[in-house]
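All ligand and atom numbering here is 1-based and tracks the order in the structure. Just so it is clear, the values below take in all heavy atoms, side chains as well, and ignore hydrogens, waters and symmetry mates.
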Amino acid sequence: MAAPTEALVPVAGAPDRAPQVREMFDTLAPTYDRANRIISMGLDQGWRRQAIAALGDARRGEVMDLCAGTLDLSVMLCAAGAQRVHAVDFAEQMLKAGAHKIPAGHDVRLITADARELPFEDNAVDGIIAGFGLRNVPELHRAAAECARVLRPGGRLVVLEFFQPESLMSKVLQGSYNRFVMPAIGGLVSGFGPAYRYLAGSIDAFMTRGQFERLLLDNGFAETSGREMFPPVASLVVGRMPGVAHV
Ligand SMILES: C[S@@+](CC[C@H](N)C(=O)[O-])C[C@H]1O[C@@H](n2cnc3c(N)ncnc32)[C@H](O)[C@@H]1O
(Lines give C-alpha, C1' and ligand atoms only; values in the text may rest on other atoms or scores of the structure.)
Protein backbone atom coordinates (compact mmCIF):
# COMPACT_ATOMS: atom_id res chain seq x y z
CA MET A 1 0.00 0.00 0.00
CA ALA A 2 1.25 3.50 -0.80
CA ALA A 3 2.43 5.64 2.13
CA PRO A 4 0.10 8.67 2.74
CA THR A 5 2.46 11.10 1.02
CA GLU A 6 2.85 8.80 -1.99
CA ALA A 7 -0.91 8.85 -2.52
CA LEU A 8 -0.58 12.55 -3.36
CA VAL A 9 2.01 12.02 -6.02
CA PRO A 10 0.71 11.95 -9.59
CA VAL A 11 1.75 9.31 -12.07
CA ALA A 12 3.69 10.94 -14.92
CA GLY A 13 1.77 10.42 -18.16
CA ALA A 14 -1.57 9.59 -16.44
CA PRO A 15 -4.60 11.14 -18.25
CA ASP A 16 -5.69 13.86 -15.83
CA ARG A 17 -3.15 14.07 -13.09
CA ALA A 18 -3.92 17.78 -12.54
CA PRO A 19 -5.74 17.46 -9.17
CA GLN A 20 -2.86 15.45 -7.70
CA VAL A 21 -0.27 17.83 -9.18
CA ARG A 22 -2.05 20.76 -7.54
CA GLU A 23 -2.22 18.99 -4.18
CA MET A 24 1.44 18.01 -4.44
CA PHE A 25 2.59 21.60 -5.10
CA ASP A 26 0.38 22.92 -2.30
CA THR A 27 2.16 20.46 0.00
CA LEU A 28 5.64 21.39 -1.27
CA ALA A 29 5.01 25.17 -1.07
CA PRO A 30 6.71 25.91 2.30
CA THR A 31 10.00 24.24 1.30
CA TYR A 32 9.91 24.82 -2.49
CA ASP A 33 12.31 27.80 -2.73
CA ARG A 34 14.96 26.30 -0.44
CA ALA A 35 14.88 22.95 -2.26
CA ASN A 36 15.10 24.71 -5.63
CA ARG A 37 18.21 26.72 -4.74
CA ILE A 38 20.03 23.70 -3.34
CA ILE A 39 19.03 21.28 -6.13
CA SER A 40 20.12 23.69 -8.87
CA MET A 41 23.20 24.83 -6.94
CA GLY A 42 21.93 28.40 -7.31
CA LEU A 43 21.81 28.18 -11.13
CA ASP A 44 18.02 28.50 -11.30
CA GLN A 45 17.94 32.26 -10.69
CA GLY A 46 20.44 32.87 -13.52
CA TRP A 47 18.27 30.77 -15.86
CA ARG A 48 15.23 32.81 -14.82
CA ARG A 49 17.06 36.11 -15.53
CA GLN A 50 17.89 34.88 -19.06
CA ALA A 51 14.24 33.94 -19.56
CA ILE A 52 13.15 37.46 -18.58
CA ALA A 53 15.63 38.95 -21.08
CA ALA A 54 14.21 36.68 -23.81
CA LEU A 55 10.85 38.47 -23.45
CA GLY A 56 12.45 41.49 -25.16
CA ASP A 57 10.36 44.68 -24.95
CA ALA A 58 7.33 42.65 -23.85
CA ARG A 59 8.85 42.48 -20.36
CA ARG A 60 8.01 46.16 -19.88
CA GLY A 61 4.35 45.70 -20.79
CA GLU A 62 1.55 43.62 -19.30
CA VAL A 63 2.96 40.15 -18.61
CA MET A 64 1.59 36.84 -17.40
CA ASP A 65 3.76 34.63 -15.19
CA LEU A 66 2.14 31.28 -15.99
CA CYS A 67 2.59 28.41 -13.48
CA ALA A 68 4.03 31.17 -11.31
CA GLY A 69 4.59 29.04 -8.20
CA THR A 70 6.34 31.06 -5.48
CA LEU A 71 6.70 34.09 -7.78
CA ASP A 72 10.45 34.24 -8.48
CA LEU A 73 9.77 35.24 -12.10
CA SER A 74 7.09 37.74 -11.06
CA VAL A 75 9.61 39.45 -8.75
CA MET A 76 12.12 39.64 -11.63
CA LEU A 77 9.43 41.05 -13.94
CA CYS A 78 8.83 43.85 -11.42
CA ALA A 79 12.56 44.62 -11.42
CA ALA A 80 12.55 44.59 -15.25
CA GLY A 81 9.88 47.32 -15.29
CA ALA A 82 6.73 45.33 -16.14
CA GLN A 83 3.69 47.59 -16.12
CA ARG A 84 1.49 44.85 -14.62
CA VAL A 85 2.07 41.17 -13.78
CA HIS A 86 -0.62 38.49 -13.72
CA ALA A 87 0.76 35.58 -11.69
CA VAL A 88 -1.30 32.50 -12.56
CA ASP A 89 -1.05 29.13 -10.81
CA PHE A 90 -3.61 26.55 -9.78
CA ALA A 91 -1.85 25.78 -6.46
CA GLU A 92 -2.98 28.60 -4.19
CA GLN A 93 -0.47 27.71 -1.45
CA MET A 94 2.44 28.22 -3.88
CA LEU A 95 1.24 31.75 -4.70
CA LYS A 96 0.66 32.50 -1.00
CA ALA A 97 4.13 31.23 -0.06
CA GLY A 98 5.72 33.67 -2.51
CA ALA A 99 3.48 36.71 -1.95
CA HIS A 100 5.82 38.32 0.61
CA LYS A 101 8.57 38.58 -2.07
CA ILE A 102 6.63 41.06 -4.24
CA PRO A 103 8.17 44.51 -3.73
CA ALA A 104 5.82 47.26 -2.56
CA GLY A 105 4.31 49.53 -5.19
CA HIS A 106 4.17 46.97 -8.02
CA ASP A 107 0.98 45.84 -9.72
CA VAL A 108 1.08 42.05 -9.33
CA ARG A 109 -2.24 40.17 -9.42
CA LEU A 110 -2.35 36.64 -8.02
CA ILE A 111 -4.78 34.44 -9.95
CA THR A 112 -5.63 30.86 -9.04
CA ALA A 113 -6.39 29.17 -12.37
CA ASP A 114 -5.54 26.21 -14.58
CA ALA A 115 -3.22 26.85 -17.54
CA ARG A 116 -5.72 25.01 -19.76
CA GLU A 117 -8.47 27.55 -19.08
CA LEU A 118 -7.09 31.03 -18.55
CA PRO A 119 -9.61 33.54 -17.14
CA PHE A 120 -8.48 36.28 -19.56
CA GLU A 121 -9.99 38.04 -22.56
CA ASP A 122 -8.45 37.50 -26.00
CA ASN A 123 -5.35 39.69 -26.73
CA ALA A 124 -4.93 40.58 -23.05
CA VAL A 125 -1.15 40.52 -22.51
CA ASP A 126 2.11 41.46 -24.27
CA GLY A 127 4.11 38.53 -22.97
CA ILE A 128 3.81 35.23 -21.12
CA ILE A 129 6.62 33.57 -19.22
CA ALA A 130 6.40 30.02 -17.86
CA GLY A 131 9.17 28.61 -15.68
CA PHE A 132 9.38 24.87 -15.02
CA GLY A 133 5.60 24.49 -14.98
CA LEU A 134 4.31 23.39 -18.37
CA ARG A 135 5.65 19.85 -18.24
CA ASN A 136 3.19 19.22 -15.41
CA VAL A 137 0.19 20.30 -17.48
CA PRO A 138 -1.84 17.51 -19.09
CA GLU A 139 -3.33 18.24 -22.56
CA LEU A 140 -0.53 20.71 -23.18
CA HIS A 141 -2.02 21.67 -26.57
CA ARG A 142 -4.88 23.33 -24.65
CA ALA A 143 -2.45 25.46 -22.61
CA ALA A 144 -0.53 26.38 -25.80
CA ALA A 145 -3.76 27.43 -27.52
CA GLU A 146 -4.78 29.46 -24.47
CA CYS A 147 -1.42 31.27 -24.51
CA ALA A 148 -1.87 32.08 -28.21
CA ARG A 149 -5.41 33.35 -27.53
CA VAL A 150 -4.50 35.75 -24.72
CA LEU A 151 -1.30 37.12 -26.32
CA ARG A 152 -1.55 40.35 -28.31
CA PRO A 153 -0.31 40.49 -31.93
CA GLY A 154 3.49 40.21 -31.94
CA GLY A 155 3.41 38.97 -28.32
CA ARG A 156 5.95 36.51 -26.94
CA LEU A 157 5.77 33.32 -24.92
CA VAL A 158 9.01 32.38 -23.12
CA VAL A 159 9.23 28.89 -21.65
CA LEU A 160 12.02 27.78 -19.34
CA GLU A 161 11.79 24.04 -18.94
CA PHE A 162 13.49 20.68 -18.54
CA PHE A 163 12.73 19.04 -21.88
CA GLN A 164 13.58 15.45 -22.62
CA PRO A 165 17.29 15.64 -23.51
CA GLU A 166 18.45 14.90 -27.07
CA SER A 167 22.22 15.46 -27.22
CA LEU A 168 24.53 12.90 -25.59
CA MET A 169 25.98 15.55 -23.27
CA SER A 170 22.59 16.65 -21.95
CA LYS A 171 21.38 13.03 -21.72
CA VAL A 172 24.29 12.22 -19.41
CA LEU A 173 24.13 15.46 -17.37
CA GLN A 174 20.38 15.68 -17.11
CA GLY A 175 19.97 11.93 -16.59
CA SER A 176 22.26 11.89 -13.54
CA TYR A 177 20.87 15.16 -12.21
CA ASN A 178 17.28 13.92 -12.48
CA ARG A 179 17.80 10.42 -11.23
CA PHE A 180 20.11 11.14 -8.31
CA VAL A 181 20.51 14.81 -7.35
CA MET A 182 16.91 16.02 -7.61
CA PRO A 183 15.15 13.17 -5.71
CA ALA A 184 17.87 12.90 -3.04
CA ILE A 185 18.21 16.60 -2.21
CA GLY A 186 14.58 17.51 -2.85
CA GLY A 187 13.46 14.65 -0.59
CA LEU A 188 15.88 15.67 2.14
CA VAL A 189 14.94 19.37 2.16
CA SER A 190 11.18 18.92 1.78
CA GLY A 191 10.75 15.62 3.62
CA PHE A 192 8.65 14.62 0.61
CA GLY A 193 10.85 12.33 -1.50
CA PRO A 194 8.10 10.82 -3.72
CA ALA A 195 7.21 14.28 -5.04
CA TYR A 196 10.76 14.90 -6.20
CA ARG A 197 10.90 11.43 -7.74
CA TYR A 198 7.73 12.39 -9.69
CA LEU A 199 9.24 15.73 -10.77
CA ALA A 200 12.37 13.97 -12.00
CA GLY A 201 10.29 11.27 -13.76
CA SER A 202 8.08 13.90 -15.39
CA ILE A 203 11.11 15.11 -17.37
CA ASP A 204 11.63 11.64 -18.89
CA ALA A 205 7.91 11.55 -19.73
CA PHE A 206 7.95 15.04 -21.30
CA MET A 207 8.54 16.05 -24.92
CA THR A 208 11.77 17.16 -26.55
CA ARG A 209 12.35 20.86 -27.19
CA GLY A 210 11.74 20.29 -30.92
CA GLN A 211 8.38 18.60 -30.24
CA PHE A 212 7.38 21.48 -27.97
CA GLU A 213 8.25 24.08 -30.63
CA ARG A 214 6.14 22.09 -33.12
CA LEU A 215 3.22 22.13 -30.65
CA LEU A 216 3.42 25.94 -30.42
CA LEU A 217 3.43 26.29 -34.22
CA ASP A 218 0.40 23.98 -34.44
CA ASN A 219 -1.49 26.12 -31.93
CA GLY A 220 -1.27 29.63 -33.33
CA PHE A 221 2.36 30.77 -32.95
CA ALA A 222 4.04 32.17 -36.07
CA GLU A 223 7.64 31.28 -35.21
CA THR A 224 9.72 29.74 -32.46
CA SER A 225 13.33 29.50 -31.40
CA GLY A 226 15.04 27.52 -28.68
CA ARG A 227 18.38 27.00 -26.97
CA GLU A 228 19.98 25.06 -24.15
CA MET A 229 21.06 26.93 -21.05
CA PHE A 230 24.43 26.37 -19.43
CA PRO A 231 24.97 23.72 -18.16
CA PRO A 232 22.77 21.91 -20.71
CA VAL A 233 20.15 20.82 -18.22
CA ALA A 234 17.40 23.41 -18.71
CA SER A 235 16.32 24.98 -22.04
CA LEU A 236 14.58 28.11 -23.22
CA VAL A 237 11.92 28.29 -25.95
CA VAL A 238 10.52 31.54 -27.35
CA GLY A 239 7.26 31.55 -29.34
CA ARG A 240 6.19 34.67 -31.27
CA MET A 241 2.66 35.54 -32.32
CA PRO A 242 1.95 36.88 -35.81
CA GLY A 243 1.63 40.66 -36.14
CA VAL A 244 3.49 43.67 -34.79
CA ALA A 245 3.97 44.30 -31.07
CA HIS A 246 3.19 47.72 -29.62
CA VAL A 247 5.45 47.72 -26.57
C1 LIG B 1 8.02 23.58 -10.53
S2 LIG B 1 6.87 24.85 -10.13
C3 LIG B 1 7.59 26.24 -10.90
C4 LIG B 1 7.22 27.55 -10.27
C5 LIG B 1 7.90 28.79 -10.81
N6 LIG B 1 7.45 29.15 -12.14
C7 LIG B 1 9.40 28.73 -10.78
O8 LIG B 1 10.04 29.20 -11.72
O9 LIG B 1 9.93 28.25 -9.77
C10 LIG B 1 5.54 24.45 -11.21
C11 LIG B 1 4.26 25.22 -10.90
O12 LIG B 1 3.32 24.94 -11.94
C13 LIG B 1 2.03 24.88 -11.37
N14 LIG B 1 1.14 24.12 -12.27
C15 LIG B 1 1.27 22.84 -12.66
N16 LIG B 1 0.25 22.50 -13.47
C17 LIG B 1 -0.54 23.59 -13.60
C18 LIG B 1 -1.74 23.87 -14.31
N19 LIG B 1 -2.36 22.90 -15.05
N20 LIG B 1 -2.27 25.10 -14.25
C21 LIG B 1 -1.68 26.07 -13.49
N22 LIG B 1 -0.55 25.87 -12.78
C23 LIG B 1 0.02 24.64 -12.83
C24 LIG B 1 2.26 24.19 -10.03
O25 LIG B 1 1.21 24.42 -9.14
C26 LIG B 1 3.59 24.80 -9.59
O27 LIG B 1 3.42 25.92 -8.77
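L216 contributes atom CG, which lies 11.0 Å from atom CZ of R240 (distance to the nearest 0.5 angstrom).
Side-chain contact check for S235 and E161: no donor-acceptor pair (N or O, by modelled atom type) lies under 3.5 Å.
Within the set G69, G133, C67, the minimum heavy-atom distance to atom 6 (N) of ligand 1 is found for C67. Counting only non-hydrogen atoms, the option in D72, D89, T70 that gets closest to atom 26 (C) of ligand 1 is D89.
Aromatic ring orientation, H86 versus F120: perpendicular (interplanar angle above 60°, classes split at 30° and 60°). Under the 30°/60° scheme for interplanar angles, the aromatic rings of F162 and W47 are found to stand perpendicular.
Within 6.0 Å of the CZ atom in R179, the count of heavy atoms belonging to other residues, nucleotides or ligands does not exceed 12. Residue-environment remark: CD (E117) stays at or below the threshold of 12 foreign heavy atoms within 6.0 Å.
Y32 OH, 3.4 Å is the protein heavy atom nearest to atom 2 (S) of ligand 1. R48 NH2, 3.4 Å is the protein heavy atom nearest to atom 7 (C) of ligand 1. Nearest to atom 14 (N) of ligand 1 among the protein's heavy atoms is F90 CE2, 3.5 Å. Atom 19 (N) of ligand 1 has as its closest protein heavy atom D114 OD1, 3.2 Å.
Without hydrogens or angle criteria, D89 side chain to G69 main chain gives a donor-acceptor distance under 3.5 Å.
Ion pairing of D26 with K96 is absent here, as no side-chain N (NZ or NE/NH1/NH2) approaches a carboxylate O to less than 4.0 Å.
With ligand atoms numbered from 1 in the order given, ligand 1 contributes 16 (N), 17 (C), 18 (C), 19 (N) to contacts under 4.0 Å with heavy atoms of V137.
A heavy-atom separation below 4.0 Å is not found between A18 and ligand 1. A113 counts as a contact of ligand 1, since one of its heavy atoms falls under 4.0 Å from the ligand.
At a 3.5 angstrom cut-off on N or O pairs, A115 counts as close to ligand 1. An N or O contact shorter than 3.5 Å is missing between D65 and ligand 1 by distance. Between F132 and ligand 1, no N or O atom pair is found at a separation short of 3.5 Å.
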